[in-house]
Number of protein chains: 2
Amino acid sequence: MQIAIPVFDDMTFLDAAGPYEVLIRVPGAQVTWAGLTMDPVRCDGGLRVLPDALLEDIPNPDVLVFPGGFGARPLIHDERVLSWVRGAAQSAQWVASVCTGALVLGGAGLLEGLTATTHWTAYDTLQELGATPVPDRVVEHGNLLIGAGVSAGIDLALTLVSRMHSDDTARKIQLAIEYDPQPPFDAGSPAKAGDALVAAVRERDFS
Amino acid sequence: MQIAIPVFDDMTFLDAAGPYEVLIRVPGAQVTWAGLTMDPVRCDGGLRVLPDALLEDIPNPDVLVFPGGFGARPLIHDERVLSWVRGAAQSAQWVASVCTGALVLGGAGLLEGLTATTHWTAYDTLQELGATPVPDRVVEHGNLLIGAGVSAGIDLALTLVSRMHSDDTARKIQLAIEYDPQPPFDAGSPAKAGDALVAAVRERDFS
């Protein structure tokens, strides 16, 4: 089972690293990092990762997981990427996105008329692309799974494993990555964080 | 503020990617990936990442976060790494580990006589290194923060941000990475998963 995760400059790497750490443990699965070039990708924050293959080397993955980040936004208008996404989505058994990776699926026309989610700062763009944004952690439509921002990729991937393999495999992987979350604060969504924090984060003010 | 995260072959990348995604958002912080060589590191599952510097290029980081994975175990006996850890820990304002990164701190003598945590499969090794294992998500002793397995790095890093900066900065970062976890199952700790899943994961049987 070939799982393609695209990598691109200015991506948010945790969007991809969460699903990666879950999916590499699925029996028979192989995760391939699919680049727009074979050069190292420079993620948000400076981390550099190496693609394993070009997008076009993997025209028919079994699973596609599109991560997000600031670097995802220009891809909404990148015909090469959108055309690859359409092709891969047609043959893949499962298509998923994390965070603003949903915008790329939307740009490819895959979310037209559907409810969907993305990072909470990107609901307006998601709507412009024809979807109806909802604040769910994971939105499912048949073989399409759409996750919320960044850390939601872990929840999305465990859900995906339960659908494509079994609940018990998902539980075993949850135990292996000791995913028993205990956040020291309860500010992980706009509704819980409140208006002041929401306004600050929109301005990228973390002081 | 220089934050050093060591990278090494067969590391579990999510151990590091969780803290990274949190810490890059701290005002004035710079995360540096510190390698044993400058060659690409091959993580568990095949992901390849590039170090930014050698360990010895960063003798005095402000913050040290040691991740784990199968590749951490040989480092318990690697005098070069242990000597660097001892030096960095002496000058750093904050020292942290995720998962079996705790074993490396233990190997360097930093956990002698202290309660500590690690991935649940490594409690025995942690004990052999002089610490008393406890199943807490994050264990704190002054400027030393020790996290449980893999995904605990996110909880650890948010705790660290609240200590070294402010609760509000931690909350803003939690909102930015939309860390409002909603696991589809409740099997993230040995106590919750039960004996059968624990036995399977110990054998790396995810079928």
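Worth knowing before you read on, the calculation uses all heavy atoms, side chains too, and leaves out hydrogens, waters and symmetry mates. First the proteins, then the strands, lettered A, B, ... as listed; each starts at 1. Just so it is clear, the structure is predicted and the values come from calculations on it, not from any experiment.
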Could you look at [X] and say if it's the side chain, the backbone, both or neither that has a heavy atom under 4.5 Å from chain A?
| X | result |
| --- | --- |
| B:Pro190 | both |
| B:Ser166 | neither |
| B:Thr32 | neither |
| B:Gln182 | both |
| B:Ile24 | side chain |
| B:Ala17 | both |
| B:Val198 | both |

*If you count heavy-atom pairs under 4.5 Å with chain A, which of B:Val161, B:Val31, B:Asp155, B:Val41 comes out on top?*
B:Asp155
*Under a 4.5 Å heavy-atom cutoff, which of B:Pro183, B:Pro27, B:Ala193, B:Ala200 has the most pairs with chain A?*
B:Pro183
Return the minimal non-hydrogen interatomic distance between [X] and [Y], and the atom names on each side.
| X | Y | answer |
| --- | --- | --- |
| B:Asp205 | A:Lys172 | O-CD, 3.2 Å |
| B:Tyr20 | A:Cys43 | OH-O, 4.3 Å |
| A:Asp44 | B:Arg25 | OD2-NH2, 3.9 Å |
| B:Tyr179 | A:Ser151 | CA-OG, 3.1 Å |
| A:Asp180 | B:Ser189 | OD2-CB, 3.8 Å |

*Distance-only, no hydrogens or angles: does the B:Trp33 side chain make a donor-acceptor pair with backbone N or O of A:Arg48 under 3.5 Å?*
no
As an exercise: rank [options] by heavy-atom pairs under 4.5 Å with chain B and give me the winner.
| options | result |
| --- | --- |
| A:His165, A:Arg137, A:Glu21 | A:Arg137 |
| A:Asp167, A:Ile154, A:Asp168 | A:Asp167 |
| A:Val49, A:Leu50, A:Thr12, A:Val26 | A:Leu50 |
| A:Ser207, A:Gly46, A:Pro184, A:Ala187 | A:Ala187 |
| A:Ile173, A:Leu23, A:Leu175, A:Val138 | A:Leu175 |
| A:Ala148, A:Ala196, A:Ala176, A:Cys99 | A:Ala176 |

*Pick one of side chain, backbone, both or neither for A:Asp52, based on which atoms fall under 4.5 Å of a heavy atom in chain B.*
both
_Inter-residue atom distance B:Thr117.OG1 - A:Glu178.CD, 0.5 Å rounding_ = 6.5 Å
*Is any side-chain heavy atom of A:Phe13 closer than 4.5 Å to a side-chain heavy atom of B:Leu47?*
yes
*Flag the pair B:Arg171 / A:Val201 as yes when at least one side-chain heavy-atom distance between them is below 4.5 Å, and no otherwise.*
no
*Inspect the surroundings of CG in A:Asp124 and state if more than 12 heavy atoms from other residues, nucleotides or ligands are less than 6.0 Å away.*
yes
